[in-house]
Amino acid sequence: MKQNKRISFLFLIFYVFFFYIFWCSPYTRDDYTFLALNFDGFSDFITYVFQYGNGRLLGNIGGMALIHHPILSCAIRAAILTLIVLLVPSIIGHRRPEAYLLSFLVFTFFDPVLFGEVYLWSSAFYNYVPSACLTLLSLYFISKYPTCPKFRSLICLLALILGICSQLFIEPSTISNIFFAASVAVFLLCFRKKDALLPVIFWLTGTILGALTMYAIPLVFYIEGNPTESYRSVNAESIFTLIISCCKNALKIGNFFTGMNGLPICLGAITTIYRTRTHRREKMHRILFNACIVLSCILLITGFASTNIWGGELAIVQHGIEMVLVLGLVFIWFVACFKIPQKRTRYAVVFLILLALASLAPLMIVSPLPKRTIFQGFFLFGIASIVSTLELLETIPDSSYGQYKRFLGIITFSFIFVLSVMFTSVKAMVNTRDEYIKSEMSKGASHIEIFQIPYKYTSLDSLWSFDLYYYHETPQDIVFTSVDYSQWMNDHYSK
């Protein structure tokens, strides 16, 4: 009972934290485009959503509808993220405070640019994150199927509905969710858990139906010149361009997983190697463990260095090294998994690693390739690292276990404190900028100079669609230009 109260209090803190940083974050990019939209009733709105040009039906509805209700949007986004942090340890079966602390860190303590692109950009959030949450909800309900005979029909129905809905957000997750459901079905068959197979079949059926709906919408409701017609393309003009695209994108994906984005891979590899140390010769363990530590350090350091250390054409060499480091760590982690004593844990981690790689494979042929597109792969690597780490924590003696709990607590609450302070500053800057724009508009200004928020978490902050939201009589009758924050402050507040 006492532990349940602690967990409830912990999740209250997580929810308030997420709500606060969402509330403090500025609108960006097509957030302003959606804010500028005006619809003549629900039918006009839903027609626009279907004709938007892609099959992200639920993602577009969330992005376009909730952007006009900021408090509700922040509340829903905070609830979704908090639910993800809650669901992963619950599905694994580790319902203890330290498991939820680890889950929180894995899904928040990563590259600020990716964090900003996926979590803080409202429109992108509704495309990328709800799908992951619905997939976890499906797994959670399926895990309850054997122990809830009275609700089995309802669980099957929920699995079908959640499977369909999870597919209507973003294309990479649409593909990987089918593989995920199929992998779970294979997993259950391997372990002869046929009593839980029926809801998985409903879930798999739902993901297939949802995928067909996702790809049918832009064909059935196609209109010339839709907003996403030239947004993303497949580089398949010829075999040569396809090969070049695969090589370039592979290097780019390797670069995306350096630094803090590589933490789940590093954590999973190190904890798995250490957990399986007694199942190999001591000399081999030392070699693997030391290699893992060295590769992890290099991977993390390269991410904290400048984007291209060498610059120019030599940047390709750097990205090639980064890709080898990432693949090397994933390979070591993958091989080490087969020494995990518990069969279920062993194959769960193996499935998740393969699924993460499979979710990244379609990105090899698309253009452009922003960092946020790796979120699905990052998310799956994150779950695998949580499974691996919790498996290791199970073997730690009680005398040392408290130290790990305190360590996770200190890291978590330090991170929450630092980000809360930083986003308080962000909110002050956003208010200053908005007040300045309104002040200049009241003077009839046709050109307004504004500043960018100077944090990596808000690196997407740009002039995109400002002129569609702020205007005098017709959209784009005000020209906005952007300058560095310190320069803007000197220009407007220096004496």
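Keep in mind that what you see is a predicted model, and the values were worked out from it rather than measured.
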To the nearest 0.5 Å, how far apart are [atom1] in [X] and [atom2] in [Y]?
| X | Y | atom1 | atom2 | value |
| --- | --- | --- | --- | --- |
| Ser183 | Leu188 | OG | CG | 11.0 Å |
| Met260 | Thr108 | CE | OG1 | 8.5 Å |
| Leu81 | Ile76 | CG | CD1 | 13.0 Å |
| Leu136 | Ile80 | CG | CD1 | 12.0 Å |
| Leu357 | Phe334 | CG | CZ | 8.5 Å |
| Cys156 | Phe202 | SG | CZ | 5.0 Å |

Review point. Should Tyr274 and Leu392 be marked as a side chain to side chain contact (heavy atoms under 4.5 Å, CB included) after you check the CA-CA gap, both sets of side-chain angles, and the distance that decides it?
Key: CA-CA 8 Å; Tyr274 189 77; Leu392 174 62; 3.6 Å; yes

In this structure, are over 12 heavy atoms from other groups packed under 6.0 Å from [X] atom [atom1]?
| X | atom1 | value |
| --- | --- | --- |
| Phe413 | CZ | yes |
| Tyr455 | OH | yes |
| Phe39 | CZ | yes |
| Arg95 | CZ | yes |
| Tyr404 | OH | no |

Check your understanding: So Phe18 and Phe22, would you call those rings parallel, tilted or perpendicular, with 30° and 60° as cut-offs?
Key ->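 Correct class here is parallel.
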
Practice item. Check the angle between the aromatic planes of Phe104 and Phe14 and answer parallel, tilted or perpendicular using the 30° and 60° thresholds. Key: parallel

Check your understanding: Can you check side chain to side chain contact (heavy atoms under 4.5 Å, CB included) on Leu72 and Leu66, steps first, answer last?
Key -> CA-CA 7 Å; Leu72 179 61; Leu66 293 173; 3.7 Å; yes

Do [X] and [Y] have side-chain N/O donor and acceptor atoms under 3.5 Å apart?
| X | Y | answer |
| --- | --- | --- |
| Tyr100 | Ser90 | yes |
| Tyr126 | Ser73 | yes |
| Ser176 | Gln376 | yes |

Any [X] side-chain heavy atom under 4.5 Å of [Y] side chain:
| X | Y | answer |
| --- | --- | --- |
| Cys24 | Met422 | no |
| Ser385 | Val106 | yes |
| Thr174 | Tyr215 | yes |
| Leu158 | Tyr140 | no |
| Lys427 | Thr424 | no |
| Phe180 | Thr207 | no |
| Trp203 | Val184 | yes |
| Leu120 | Phe423 | yes |

State, to 0.1 Å, how close [X] and [Y] come at their nearest heavy-atom pair, and which atoms those are.
| X | Y | answer |
| --- | --- | --- |
| Ile67 | Ser122 | CD1-OG, 3.8 Å |
| Gly328 | Leu295 | C-CD1, 4.5 Å |
| Cys337 | Arg346 | O-CG, 2.9 Å |
| Leu204 | Ile178 | CD1-O, 3.7 Å |
| Ser166 | Thr135 | CB-OG1, 4.1 Å |
| Leu101 | Lys405 | CD1-O, 4.4 Å |

Exercise for review: Could you give me the CA-CA distance, side-chain angles and deciding distance for Trp23 and Ile71, then say whether side chain to side chain contact (heavy atoms under 4.5 Å, CB included) is met?
Suggested key: CA-CA 7 Å; Trp23 175 250; Ile71 294 177; 3.9 Å; yes

Practice item. Please determine which of Phe107, Phe109, Phe115 meets the ring pair (Phe, Tyr, Trp, His ring centres under 6.0 Å) test together with Phe415. Key: Phe109

Practice item. Taking side chain to side chain donor-acceptor pair (under 3.5 Å) as the test, write out the residues that go with Ser131, two or more places apart. Key: Ser173, Asn177

Review point. When you measure from the centre of the six-membered ring of Tyr128, is the NZ or CZ of Arg372 under 6.0 Å away and within 45° of the axis?
Key: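 Checked: cation-pi criterion not met.
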
Taking [Y]'s backbone N and O only, do any of them form a donor-acceptor pair with [X]'s side chain (distance below 3.5 Å, no angle check)?
| X | Y | answer |
| --- | --- | --- |
| Thr258 | Asn255 | yes |
| Asn127 | Ile170 | no |
| Asn261 | Asp111 | yes |
| Thr373 | Pro370 | yes |
| Arg152 | Pro199 | no |
| Ser296 | Cys292 | yes |

Practice item. Can you sort out the partners of Phe169 under ring-ring contact (aromatic ring centres under 6.0 Å, His included), two or more places apart, ordered by chain and number? Key: none

Review point. When the ring centroid of Tyr145 is compared with that of Phe151, is the distance short of 6.0 Å?
Key: no

Point to revise | Candidate pair Trp333 and Thr272, rule side chain to side chain donor-acceptor pair (under 3.5 Å), full reasoning | key: CA-CA 7 Å; Trp333 184 12; Thr272 304; 3.1 Å; yes

Point to revise | Residue pair Ile253, Leu369: steps toward the side chain to side chain contact (heavy atoms under 4.5 Å, CB included) verdict | key: CA-CA 9 Å; Ile253 291 168; Leu369 190 68; 3.9 Å; yes

Point to revise | SB check Glu117 Lys371 (cutoff 4.0 Å) | key: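 Salt bridge: no.
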
Review point. Can Phe110 and Tyr119 be said to form a ring-ring contact (aromatic ring centres under 6.0 Å, His included), step by step?
Key: CA-CA 11 Å; Phe110 55 90; Tyr119 290 169; 5.6 Å; yes

